[in-house]
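Structure record follows, encoded as structure tokens.
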Amino acid sequence: MARKNLLANLTGAELPAGNSMTAPPAMRLGEPFPASGSARGAIGAVSRSIEQIRSHSVMDLPPDLIDASFIEDRLAGSDEDQSRLTASMREHGQQVPILVRPHPTETGRYQIAYGRRRLRAAVELGRPVRAVVKPLSDDQLVVAQGQENNERKDLSFIERAIFAAQLEARGFGRDTIMAAMCVDKTGLSRLISSAVRIPRDIIQAIGPAPKTGRDRWSDLAVALDSPRAVEEARRVIAVPLFPKKASDERFNAVLRSATAEPGKRDKATIIKSDDGTRVALVRNDGDRLSLVVDKKSQAEFATYLVERLPEIYARFCARV
DNA sequence: AGCTTTCCAGTCATCGCCAC
DNA sequence: GTGGCGATGACTGGAAAGCT
């Protein structure tokens, strides 16, 4: 189980690959949390947090007393995944507690470090949520949240990028963010660069794109340096059918639009039947796509196609 | 089944910028 | 001039998908 590994791994507080920092000395409970910007402090905080978490008992809390973390780490996720988790919790109960801290400004309330989906499932089931309650500094909270995300391994590149960018925007030092996300400075630089360079509305419209990795997001970031490409991307995400596509398909559509050269006509594609008969010609002009059927040789097919187009379109709409 | 291609992510080297 | 920091290009190995 990933979360068991989280606790097991973090007590060792391994450094990110490529990180030249040395392992922190053992810290005593109760020592003040060092200021962000210190690599030793950040890593040491993880070790200390987990040691403290282990020593705390699990409580059942009303979900309505728990507020979101000040850093969002997920784009809109799949309802299907959430339903599965809710069903599992209904059948088997909540196996793994979430981590919360007492709310820094509101007495009697809590703020979640990780376990948002389990919290949402508890809300849907109308049950209290099992939680470890632990006073955490902001740094400790984001490091715990980041480490949990790393162990879960189901955050996409862009979700990690946004998480990293939000941490930096809130003033966390790069060392703290590197510790939280288990990346070296190169990886962190690429994460933040992608999240910052791509307009947030375009990222939100695309969604998490779980199969799309660093290089292609970087390609999109480079392409969107051009205002024309941004305009083109926004035109694509405004199409009514766009939200119905899978997230990775949405990414591909935006990347295609952002990297298409204006005014450049694609080479025409000839569509042939199995016996090699030329059926139609497809030409992509960027803004429009033309389908040309030769009426001299394919008059019957041309008529058939025009008559059936509404039906084909209706089937397409039902598919997506 | 085995080969090829594509994609992802880790790593290294290098560069530019900035403070001292 | 030097060192620290962040950004970027290039290379690499591994995994997954596609093809024969």
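Chain naming here is simple, since letters A, B, ... match the order of the sequence lines and numbering starts at 1 in each. This one's a predicted model, so the numbers in the text were calculated from it and none came from an experiment.
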Pairs under 3.5 Å (N/O, protein and nucleotides 8-13 of chain C):
from   : atom 1 : to       : atom 2 : distance (Å)
C/dT8  : OP2    : A/Ser193 : OG     : 3.4
C/dT8  : O4     : A/Thr186 : OG1    : 3.4
C/dG9  : O6     : A/Arg190 : NH2    : 2.5
C/dA10 : N6     : A/Arg190 : NH2    : 2.8

Return a table of donor-acceptor pairs under 3.5 angstrom between the side chains of residues 217-224 of chain A and protein atoms on other chains or two or more places apart.
from     : atom 1 : to       : atom 2 : distance (Å)
A/Ser218 : OG     : A/Arg214 : O      : 3.0

Distance in angstrom units between A/Leu220 CG and B/dC8 P, rounded = 12 Å

request  = Take the protein atom CD1 of A/Ile192 and the nucleotide atom P of C/dA7, then report the distance between them rounded to whole Å.
outcome  = 7 Å

remark   = Hits for side chain to side chain contact (heavy atoms under 4.5 Å, CB included) against A/Thr186, two or more places apart or cross-chain, chain-then-number order -> A/Asp184, A/Arg190

query = Has A/Arg216 got a side-chain N or O lying under 4.0 Å from the OP1 or OP2 atom of B/dC7?
reply = no

ask   = Roughly how many Å is it from NZ in A/Lys211 to P in C/dA15, rounded to a whole number?
value = 18 Å

task = Quick one: which residue pairs count as a ring-ring contact (aromatic ring centres under 6.0 Å, His included) with a foot in residues 181-208 of chain A, not counting sequence neighbours?
result = none

message = Distance check needed: B/dC8 P versus A/Trp217 CH2, whole Å only.
response = 11 Å

ask   = Rounded to the nearest Å, what distance is computed from the CG atom of residue A/Leu191 to the C1' atom of nucleotide B/dG10?
value = 12 Å

ask   = Looking at residues at least two apart in the chain, or sitting in another chain, which of them share a side chain to side chain contact (heavy atoms under 4.5 Å, CB included) with A/Ser247?
value = A/Ile206, A/Pro208, A/Ala209, A/Pro210, A/Arg250

query = Taking only residues two or more places apart in sequence, or in another chain, which ones meet A/Asp201 in a side-chain hydrogen bond (donor to acceptor under 3.5 Å, both in side chains)?
reply = A/Arg234

note = Heavy-atom contacts, protein to nucleotides 15-20 of chain B, under 4.0 Å, summarised as B (base), S (sugar-phosphate only) or - (none) per nt, yield ------

message = Expressed as a whole number of angstroms, how long is the span from A/Asp184:CG to B/dC12:P?
response = 9 Å

key: Partner set under side chain to side chain contact (heavy atoms under 4.5 Å, CB included) for A/Arg127, not counting sequence neighbours   = A/Arg90, A/Leu125

key: Any residue meeting side chain to side chain contact (heavy atoms under 4.5 Å, CB included) with A/Asp138, in chain and number order, not counting sequence neighbours   = A/Phe70, A/Arg101, A/Phe172

query = Taking CD1 from A/Ile177 and P from C/dC5, how many angstroms apart are they, rounded to a whole number?
reply = 14 Å

message = If you compare all heavy atoms of A/Arg109 against all heavy atoms of A/Asp64, which two are closest, and at what distance to 0.1 Å?
response = NH2-O, 2.8 Å

Same apolar cluster: A/Tyr110 and A/Val123, side chain cutoff 4.5 Å = no

